Amino acid sequence: MKEYDHKKIELRVQKEWEKSGIYNTTSPGSGAKLATGRLGRKFYALIEFPYPSGDGLHVGHPRPYIGMDVISRKKRMEGLNVLYPIGWDAFGLPTENYAIKTGIHPAIVTKKNTDNFRRQIKMLGISFDWTREINTTDPKYYKWTQWIFLQFFKKGLAYKAKSYINWCPSCKIGLANEEASGGICERCGSKTEKREKEQWMLAITKYADRLDKDLDLVDYPERVKIQQRNWIGKSEGSEIVFKIKIAKQMLFHGSHSNLNMVNEPNIAYAEKSTASQSFKIKVFTTRADTLFGATYVVLAPEHPLVTKFLGQVKNKKEVEEYIKKAKKKSEIERTADEKEKTGVELKGIKAINPANDEEVPVFIADYVLPDYGTGAIMAVPAHDERDFAFAKKYNLPIRQVITDADLLEGEPKDFYDGEGILIHSSKQFDYMGSEEARKKITEFVGGKIVTKFKLRDWVFSRQRYWGEPIPLVNCEKCGLVPVPDKDLPIKLPEVKSYKPTDTGESPLASISKWVNTKCPKCGGKAKRETDTMPNWAGSSWYYLRYTDPKNNKIFADKKKLKYWTPIDWYNGGMEHTTLHLLYSRFWHKFLYDLKLVPTVEPYQKRTSHGMILGEGGVKMSKSLGNVVNPDDIVKTYGADTLRVYEMFMGPFEEAVAWSTESIIGSRRFIEKVWRIAEKIAKQQLFHGSHSNLNVVHEPNIAYAEKSSASQSLKKLLHKTIKKVSEDIENMRFNTAISAMMILATEMEKVENIDAEDYKKFLQILAPFAPHITENIWYDLGEKKSIHLSAWPKWDEDLVKDQEIKIAVQVNGRVRSEILIQMDEIEDEVKKKALTDENVLKHLNKDIKRVIYVKNRVINILS
RNA sequence: GCCCGAGUGGCGGAACUGGUAUACGCGCACGACUUAAAAUCGUGUCUCGUAAGGGAUGUGGGUUCGAUUCCCACCUCGGGCACCA
């Protein structure tokens with residue numbers, strides 16, 4: 001064997017794989033034979049398909065690919081029918097911005113970028129099935145993205161509503177939230193404004209409850225579940241109605257009002273009770289138990305009732321001004337104001353607390369959000385931080401109604417938002433516990449127990465070019481008409497400029513030839529929708545397409561879906577938890593309801609990887625100039641070394657800093673593996689011709705020594721097989737590699753290595769370093785790829801130790817070590833421990849107690 | 001502010017379910033091989049102490065025969081949410 005030349009080996013091996021197509025997956029029933037020839041269960045492994053940026057891969061990208069590749073390769077060796085696909089999530093802003101700058105069509109840029117990404121990924125020897133490669137910007141793909149959108153539309157889950165977009169007044173461009181984070185335009189740095197615009201929405205809130213509940217059905221990391229649950233924000237509470245009284249003099253203008261007031265002192269506020277004009281405010285609260293402490297009511301400035309009240313309030317001007325100001329405030333300003341609360345009372349309007357019929361003032365304040373709950377709250381300053389702050393500022397009464405054992409009755413100096421026992425809540429409810437009171441009081445006032453969510457509907461349109469056109473037509477007569485299936489896909493037209501127009505419309509709007517069309521229904525004049533979809537669209541269902549990527553009748557064949565889905569293991573980034581991961585679960589459930597996919601949930605198991613940071617632990621970024629390109633690493637060290645290093649550098653789920661200095665350790669390990677192979681090759685040559693002579697010449701003692709050395713090596717090998725097998729399943733790649741390093745070091749020390757043992761080592765290393773192991777495998781005379789060989793089994797007997805060392809402690813301090821038999825009886829162990837020299841030194845006369853933990857430790861107290 | 005996660009040598013990190021803390025790797029030092037260098041191999045490498053022994057897993061308490069691991073409080077860093085009633 002020649003010197004280890006990673007370049008030659010890796011290129012050659014990769015070519016062979018490509019030729020034989022060993023990673024290409026076939027679905028059963030297609031007639032094609034599976035590469036492994038051992039058709040087991042299916043296993044669908046998935047990584048988040050990349051956005052092919054112009055910068056190419058940096059070393060952080062492949063970490064998840066390698067991780068899942070290790071798993072896929074192991075599963076394949078275990079005989080499973082593995083699907084491990086890849087594609088490109090290629091719609092997106094950087095490509096579009098590049099097009100705006102250079103005038104080059106995004107499709108051309110995309111092609112160039114995907115070519116580069118593909119080359120880089122192939123260079124790493126990931127076992128993707130390239131025959132299933134997909135691209136979200138391919139009309140054959142986005143035809144189905146559009147088709148699914150139309151199903152949403154037909155079911156009423158895609159609708160148009162007024163919403164706000166980020167508008168950069170300097171660039172005259174509408175920005176996505178990602179581009180305007182912090183209220184600053186990513187492109188020019190100026191402040192963005194909110195502009196009201198009609199937007200397409202997807203009614204994800206209709207699925208909020210199921211998206212929350214069904215998390216119980218899947219195997220996700222707890223923190224992912226928690227984060228999704230927090231995002232969905234389910235909370236149970238009560239809806240309670242406050243009746244409104246409007247001052248009578250406001251109803252009858254002028255001179256009579258005074259008289260009136262005199263005549264009807266307390267009943268001066270008349271409920272406006274003509275059938276059409278009886279006002280009520282519905283509030284949402286999770287703390288109905290505090291209802292007796294509600295001393296005012298607050299509406300969001302945007303609340304629809306506010307405009308209705310406007311004619312009747314005494315301070316109309318003031319109120320109008322406040323509303324104006326609130327609307328103008330961008331979200332950023334609202335939060336920048338931090339906790340300083342503002343509001344205006346609606347003078348002349350009172351609400352009636354249904355618990356005690358007390359009249360309380362009504363305010364509008366922007367600390368109440370218009371789109372959560374009912375957009376109106378009852379304020380209980382004694383038991384809510386925000387209400388407390390507001391009440392202090394505007395001098396409103398604070399009435400304590402919940403007490404804890406520690407809290408004394410009386411005017412609270414501060415708020416208490418915990419639970420407790422009710423006080424000042426009428427005879428009926430005093431001394432009741434919070435939990436019971438919530439139900440009872442809600443019932444008492446005729447309220448309703450309801451569930452609310454923080455989740456909002458999904459703003460689904462973008463005024464952009466590089467996305468899937470929304471396949472609807474606006475007909476003068478028929479309204480919004482979906483494009484018929486046979487006319488899909490609606491392809492992106494050629495445009496001269498990719499810049500959005502001054503009006504904030506998509507660049508598509510300026511192409512009248514494309515925009516003006518006929519109504520599919522009546523044939524009359526119609527205009528196309530010019531908005532495009534966000535890039536979360538294509539990624540919401542891509543994993544379904546992999547099962548049947550070339551189908552042109554349906555997005556994926558039902559039988560194939562039935563075989564392959566759900567995804568057995570999906571690895572991705574934490575940053576997608578509340579976006580992509582939630583969105584795609586929503587789409588999947590929708591398709592499930594249409595009986596188009598066979599499972600309720602798309603992903604059975606989800607794991608996440610940590611980022612690779614730059615040297616020193618800072619983020620890897622172009623601007624910091626610390627981006628490491630895998631091309632360079634592969635050139636100098638080889639793909640196998642890079643793969644091993646990325647798996648070894650730290651725990652897979654955690655962020656780790658890149659260190660080019662440390663890679664050498666992984667390279668040394670790979671070279672060690674190679675050196676052992678060379679030794680075995682020599683050994684085999686030697687044995688082939690001289691083996692008999694050899695045995696005769698060897699003295700007995702040497703022989704015995706050798707065999708005991710090789711016996712203990714065998715034990716170590718089997719322990720390592722076990723550890724690596726288990727570690728891979730738990731994505732503990734770093735400790736798996738450390739175990740193999742130990743094995744390699746020991747193996748190199750031994751004179752006569754059993755070639756079969758070495759091959760087993762190669763097999764467990766193969767998922768990590770697929771090239772070198774494949775090369776040596778063939779060199780050792782194997783005829784079929786190592787990646788199709790059967791995953792080695794460990795021998796339980798060899799894994800178990802007969803003799804073990806345990807620590808002996810005296811009063812909890814380790815004083816000695818003793819050798820015992822595995823599972824040796826307690827008395828024997830004690831005897832050994834109590835006669836140990838080092839132990840005796842530290843013992844006092846009387847022994848109080850001896851604690852023995854089987855096969856682990858013995859602790860003597862004296 | 002709230003919700004997650006993490007804090008262990010010079011550095012990346014190991015330690016199963018409460019049982020010998022610092023595996024493995026990097027770096028560093030010394031040694032072997034070599035005319036020499038590289039490569040490789042070997043030895044050492046938390047800290048105080050000549051030693052016996054003691055002290056160390058962010059800090060302070062607690063539970064326990066025994067705590068990196070469990071509990072309480074606090075500090076620092078990373079991530080998410082951010083007036084959600």
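By convention in this document, chain letters (A, B, ...) are assigned in the order of the sequence lines, proteins followed by strands, and residues within each chain are numbered from 1. Keep in mind that this is a model prediction, so the values were computed, not measured.
B:C24 and B:G9 are spaced 14 Å apart, taking the C1' atom of each and rounding to whole Å.
In this structure, A:Ser659 does not reach the B:C11 phosphate: none of its side-chain N or O atoms is under 4.0 Å from OP1 or OP2. Distances shown here put every side-chain N or O of A:Arg849 at or beyond 4.0 Å from the OP1 or OP2 atom of B:G66. Residue A:Asn734 places at least one side-chain N or O under 4.0 Å from the OP1 or OP2 atom of B:A14. Taking 4.0 angstrom as the limit, A:Arg229 places none of its side-chain polar atoms (N or O) nearer than this to OP1 or OP2 of B:C81.
A salt bridge is absent between A:Lys830 and A:Glu824; no separation between the charged side-chain nitrogens and carboxylate oxygens falls under 4.0 Å.
Not a single donor-acceptor pair under 3.5 Å links the side chain of A:Asp632 to the backbone N or O of A:Val628.
A:Gln809 comes within 4.0 angstrom of a base, heavy atoms only.
Donor-acceptor pairing under 3.5 Å, judged by distance alone, is present between the side chain of A:Lys341 and the base of B:C83.
A heavy-atom distance below 4.0 Å to RNA chain B is reached by these residues of residues 851-862 of chain A, ordered by number: A:Ile851, A:Val853, A:Arg856, A:Val857, A:Asn859, A:Leu861.
For the pair A:Lys341 and A:Tyr367, the cation-pi criterion (under 6.0 Å, within 45° of the ring axis) is fulfilled.
Residue order along RNA chain B, read from the 5' end via each residue's closest nucleotide, puts A:Ile226 first among A:Ile226 and A:Ile377.
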